[in-house]
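Below you'll find the structure, written out as structure tokens, and then a few comments.
FYI, side chains are in, hydrogens and waters are out, and symmetry mates aren't considered; it's all heavy atoms of this structure.
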Amino acid sequence: MKIVLATSNPHKVKEINEITTQFCVDNNINLTESINFILPPTDFNPDETGETFAENSYIKAKEGWNLSRNWCLADDSGLCIEALNGKPGIYSARYAETPQKRIERVLKELKGIENRKAHFVCHMTLINPDGEIAFSYEGICKGSIINEPKGVNGFGYDPIFLPEGYSKTIAELSEDEKNQISHRSIALREVIKYLTSFNRQV
């Protein structure tokens with residue numbers, strides 16, 4: 001079962017295929033047909049004009065479907081900070097020119113503010129070959145923003161995000177640890193549950 005992943009990043013495809021395979025192994029799920037995520041057949045560059053994670057996720061999924069007329073999965077994710085009224089939100093990847101500058105901007109805007117509550121959001125939308133939404137889910141990872149970056153793993157805002165119940169930032173966790181709690185993994189696991197529900201051996 002091939003599913004187009006609405007991205008231009010081959011590393012993201014590899015990561016999601018690995019998480020999917022491991023999920024099926026860990027849960028003893030036998031499939032009649034393996035689930036394999038692939039890149040869109042041509043250049044993928046949709047105009048993300050939505051005002052929510054759900055809207056942008058749908059825009060990307062629909063564009064992937066337009067290019068392939070196949071099953072297509074898309075996600076839109078970002079960091080929402082309570083004291084900043086949910087910013088950077090859907091603009092997380094565009095909050096500044098570089099990842100480092102984006103972190104610096106967030107820390108500057110939070111300077112002197114005691115409320116550091118934040119959460120990562122990942123909204124996934126799965127479209128079927130008929131171009132209809134088959135499933136959607138929003139994964140959330142709660143936590144807080146620390147005062148300075150820590151850790152070298154991960155990407156984006158991971159070095160300043162402390163997950164709820166942890167003493168390490170996302171960037172200090174191993175890949176396996178991150179995949180247990182990340183917003184993207186939470187959403188993806190629900191998508192996999194949906195896909196495997198009608199793709200199991202009887």
Side-chain angles (χ1 to χ4, degrees), residues 1-42 44 46 53-54 56-78 119-143 151 153-156 158 161 163-166 168-202:
M1 182 179 190
K2 293 187 183 299
I3 300 172
V4 171
L5 190 63
T7 181
S8 57
N9 185 349
H11 297 293
K12 192 171 184 179
V13 174
K14 181 175 181 291
E15 177 189 15
I16 286 187
N17 274 323
E18 288 174 350
I19 293 173
T20 301
T21 299
Q22 192 60 50
F23 179 86
C24 291
V25 170
D26 291 344
N27 291 277
N28 296 314
I29 296 173
N30 295 313
L31 303 178
T32 56
E33 185 182 2
S34 62
I35 297 172
N36 184 34
F37 290 94
I38 60 175
L39 285 168
T42 56
F44 179 76
F53 293 112
N56 280 331
S57 176
Y58 174 74
I59 288 170
K60 287 187 275 191
K62 194 68 173 180
E63 178 63 15
W65 178 83
N66 285 335
L67 295 172
S68 66
R69 292 300 194 272
N70 194 5
W71 284 94
C72 185
L73 178 67
D75 78 279
D76 195 60
S77 56
H119 61 273
F120 275 120
V121 174
C122 176
H123 193 102
M124 287 194 170
T125 302
L126 179 69
I127 288 184
N128 65 25
D130 294 325
E132 303 165 340
I133 296 177
F135 186 79
S136 66
Y137 193 85
E138 192 160 275
I140 294 176
C141 178
K142 295 181 179 180
N153 300 326
F155 54 89
D158 289 355
F161 186 84
E164 201 171 73
Y166 283 73
K168 295 179 179 180
T169 66
I170 291 282
E172 292 178 292
L173 299 177
S174 69
E175 195 66 28
D176 286 343
E177 289 173 318
K178 179 180 177 180
N179 286 342
Q180 294 299 315
I181 63 169
S182 80
H183 50 305
R184 182 169 287 110
S185 292
I186 290 170
L188 179 60
R189 285 198 294 269
E190 295 304 316
V191 172
I192 296 170
K193 287 178 186 177
Y194 170 79
L195 288 169
T196 58
S197 66
F198 57 87
N199 187 18
R200 300 190 188 200
Q201 290 182 353
V202 178

Nearest heavy-atom neighbours spanning [X] and [Y]:
{"X": "Ser8", "Y": "Pro10", "result": "O-CD, 3.3 Å"}
{"X": "Glu15", "Y": "Asn179", "result": "OE2-OD1, 4.2 Å"}
{"X": "Asn70", "Y": "Trp65", "result": "O-CD1, 3.2 Å"}
{"X": "Asn153", "Y": "Leu173", "result": "ND2-O, 3.0 Å"}
{"X": "Lys142", "Y": "Phe161", "result": "C-CZ, 3.6 Å"}
{"X": "Phe155", "Y": "Arg184", "result": "CZ-NH1, 3.9 Å"}

### Task
Applying salt bridge (charged side-chain N to carboxylate O under 4.0 Å, His left out), name anything that partners Glu177, two or more places apart in sequence or on another chain.
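If we apply the salt bridge (charged side-chain N to carboxylate O under 4.0 Å, His left out) test to Glu177, skipping adjacent residues, there are no hits.
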
### Result of checking Lys60, Lys12, His123 against Asp75 for side-chain hydrogen bond (donor to acceptor under 3.5 Å, both in side chains)
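So, applying the side-chain hydrogen bond (donor to acceptor under 3.5 Å, both in side chains) to Asp75 and each of Lys60, Lys12, His123, only Lys12 qualifies.
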
### Task
Give every residue pair that meets the salt bridge (Lys or Arg N to Asp or Glu O under 4.0 Å) criterion with at least one member in residues 119-139, sequence neighbours excluded.
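As it turns out, there is no salt bridge (Lys or Arg N to Asp or Glu O under 4.0 Å) pair with a partner in residues 119-139 once direct neighbours are skipped.
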
### Task
Check whether any side-chain heavy atom of Leu39 lies under 4.5 Å from a side-chain heavy atom of Thr7, and answer yes or no.
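Leu39 reaches Thr7 side chain to side chain.
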
### Query
Do Ile170 and Pro163 come close enough that some side-chain heavy atom pair is under 4.5 Å?
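Ile170 vs Pro163: side chains touch.
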
Rounded distance (nearest 0.5 Å) linking atom [atom1] of [X] with atom [atom2] of [Y]:
{"X": "Glu175", "Y": "Ile19", "atom1": "CD", "atom2": "CD1", "value": "7.0 Å"}
{"X": "Ile127", "Y": "Ile3", "atom1": "CD1", "atom2": "CD1", "value": "12.5 Å"}
{"X": "Met1", "Y": "Ser34", "atom1": "CE", "atom2": "OG", "value": "10.5 Å"}
{"X": "Leu188", "Y": "Phe23", "atom1": "CG", "atom2": "CZ", "value": "8.5 Å"}
{"X": "Ser174", "Y": "Gln180", "atom1": "OG", "atom2": "CD", "value": "9.0 Å"}
{"X": "Phe135", "Y": "Ile192", "atom1": "CZ", "atom2": "CD1", "value": "11.0 Å"}

Give a yes or no on whether the backbone of [Y] and the side-chain of [X] come within a donor-acceptor separation of less than 3.5 Å.
{"X": "Thr21", "Y": "Asn17", "value": "yes"}
{"X": "Asn128", "Y": "Gly131", "value": "yes"}
{"X": "Ser57", "Y": "Ala74", "value": "yes"}

### Query
Stepwise, does the side chain to side chain contact (heavy atoms under 4.5 Å, CB included) test hold for Tyr137 with Ile186?
CA-CA 9 Å; Tyr137 193 85; Ile186 290 170; 4.2 Å; yes

### Task
Assign the ring pair Phe120 / His183 to parallel, tilted or perpendicular, where the plane angle (0 to 90°) is split at 30° and 60°.
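The arrangement is parallel - the two ring planes meet at less than 30°.
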
### Message
Leu67: which residues meet the side chain to side chain contact (heavy atoms under 4.5 Å, CB included) condition with it, sequence neighbours left out?
### Response
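For Leu67, the residues satisfying side chain to side chain contact (heavy atoms under 4.5 Å, CB included) (neighbours in sequence not counted) are Pro40, Pro41, Thr42, Phe44, Glu63.
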
### Query
Between Ile133, Val191, Asp76, Ile59, which is the residue that forms a side-chain contact (heavy atoms from CB on, under 4.5 Å) with Thr125?
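Answer to the side-chain contact (heavy atoms from CB on, under 4.5 Å) test with Thr125 among Ile133, Val191, Asp76, Ile59: Ile133.
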
